[in-house]
Amino acid sequence: WFLSYMTLMEIYMCLLVVKNLVNNQQNNDIINLCRRADLGFYQIDSNNIAGSMSFTIDNRSIVDILNKNKWYLTLGSHNLAMYLKESGFIYGHNLNNLSQDIQKNNWDSSNFLNNDSRIIYPDNVEPFLGKMFLRPVNDSKSFNAGIYSFNELTGIIFSEKLLASSIKQIEAEYRFVIIKGKIADNSSYKIGNRIDITSKAPNAFYDFVENLIDKWIPTENFVIDIANHGGKPKIIEVNNIHCSRFYGCSLEKIIEKALF
């Protein structure tokens with residue numbers, strides 16, 4: 001699903017739910033939230049025809065329904081964000097400043113979990129021993145960030161720069177949702193080796209993120225993942241808000257921050 005809002009003479013917010021991305025309970029929760037908040041609501045279909053994505057409402061393209069000149073905040077689907085961008089929408093994708101080299105120039109590189117990272121170029125991949133943590137330098141989602149051996153890397157077809165670093169021990173991972181340059185909410189998504197979306201980040205981690213965003217933000221709305229590494233907060237990565245999960249974060253708090 002994704003969330004959008006637009007401003008004219010007054011603020012209008014509309015929630016669009018991609019049918020195949022939510023179960024019945026989630027769909028009912030979203031409908032009830034929209035009713036309580038007096039929000040517009042649509043169900044949309046995602047279509048993949050011969051590898052080409054399109055999005056429709058009642059068999060009509062969303063491009064024919066939504067106004068390209070209005071302000072959209074799109075949450076949930078990277079394909080949808082890219083679709084809006086490629087379809088000429090002014091807002092709804094904000095895919096800039098998500099490169100870690102830009103972030104490290106604005107936030108002290110020692111604040112990053114992978115501060116020992118180096119960039120691997122697609123035309124100059126040198127063999128390495130063991131395994132390394134790899135991810136695209138930009139937020140392209142061309143493949144999932146993770147731990148790879150050199151043989152696994154060569155099996156990935158890529159045409160962009162990669163970020164490579166040594167493997168780190170992480171005690172817990174938290175996601176912070178930033179709306180209009182402020183923390184809307186946060187949630188754990190992994191504690192130790194298990195998935196856990198029920199916990200909030202420690203106060204020191206909250207203060208750590210507040211200090212970061214007081215200094216600089218890559219864009220007005222984004223998510224930032226923070227690791228507990230040896231008891232200290234470290235930046236894992238910054239992600240496009242338009243294609244990120246919220247885990248245990250409150251959707252109502254996120255909407256409230258967006259509206260007011």
- Query: Checking Ser165 side chain against Ser117 main chain: does a donor-acceptor pair fall under 3.5 Å?
  - Reply: no
- Separation between OG of Ser250 and NZ of Lys257, rounded to the nearest 0.5 Å: 12.0 Å
- Give a yes or no on whether the backbone of Gly231 and the side-chain of Asn228 come within a donor-acceptor separation of less than 3.5 Å. yes
- Query: Considering residues, nucleotides and ligands other than Asp64, do more than 12 of their heavy atoms fall under 6.0 Å from its CG?
  - Reply: yes
- Pairwise distance OH(Tyr247) to CG(Asp225) - rounded to 0.5 angstrom: 6.5 Å
- Task: Determine yes or no for a side-chain-to-main-chain donor-acceptor pair under 3.5 angstrom, with Asn114 supplying the side chain and Asp116 the backbone.
- Result: no
- Query: Can Lys168 be said to sit on top of Phe133's aromatic six-ring, NZ or CZ under 6.0 Å from centre and within 45° of the ring axis?
  - Reply: no
- Message: Can a donor-acceptor pair be found, under 3.5 Å and without considering hydrogens, that links the side chain of Lys190 to the backbone of Ser188?
- Response: no
- Test item: Arg175 side-chain N/O and Arg245 main-chain N/O as donor-acceptor pair under 3.5 Å: yes
- Query: Is the backbone of Gln169 close enough, under 3.5 Å, to the side chain of His229 for a donor and an acceptor to pair up by distance?
  - Reply: yes
- Query: Side chains of Asn115 and Ser109: donor-acceptor distance under 3.5 Å anywhere?
  - Reply: no
- Pairing residues for Phe176 by the ring-ring contact (aromatic ring centres under 6.0 Å, His included) criterion, not counting sequence neighbours: none
- Item | Heavy-atom closest pair, residues Lys131 and Ile167 | O-CD1, 3.8 Å
- Taking the side chain as every heavy atom from C-beta outward, state whether Glu173 and Ile226 have any atom pair closer than 4.5 Å. no
- Message: Under a 3.5 Å distance rule, please check whether Asn106 uses its side chain to pair with a backbone N or O of Ile102 as donor and acceptor.
- Response: yes
Please tabulate, for the side chains in residues 199-206, all donor-acceptor contacts under 3.5 angstrom to protein atoms that are two or more places apart in sequence or on a different chain.
| from | atom 1 | to | atom 2 | distance (Å) |
| --- | --- | --- | --- | --- |
| Lys200 | NZ | Asp185 | OD1 | 2.8 |
| Lys200 | NZ | Asp185 | OD2 | 3.2 |
| Lys200 | NZ | Asn186 | O | 2.7 |

- Item | Crowding at CG, Asp58 (>12 non-hydrogen neighbours, <6.0 Å) | no
- Task: For Phe208, check ring-ring contact (aromatic ring centres under 6.0 Å, His included) against everything at least two apart and list the hits.
- Result: none
- Got Tyr174 and Ile224 here, is their nearest side-chain heavy-atom distance under 4.5 Å? no
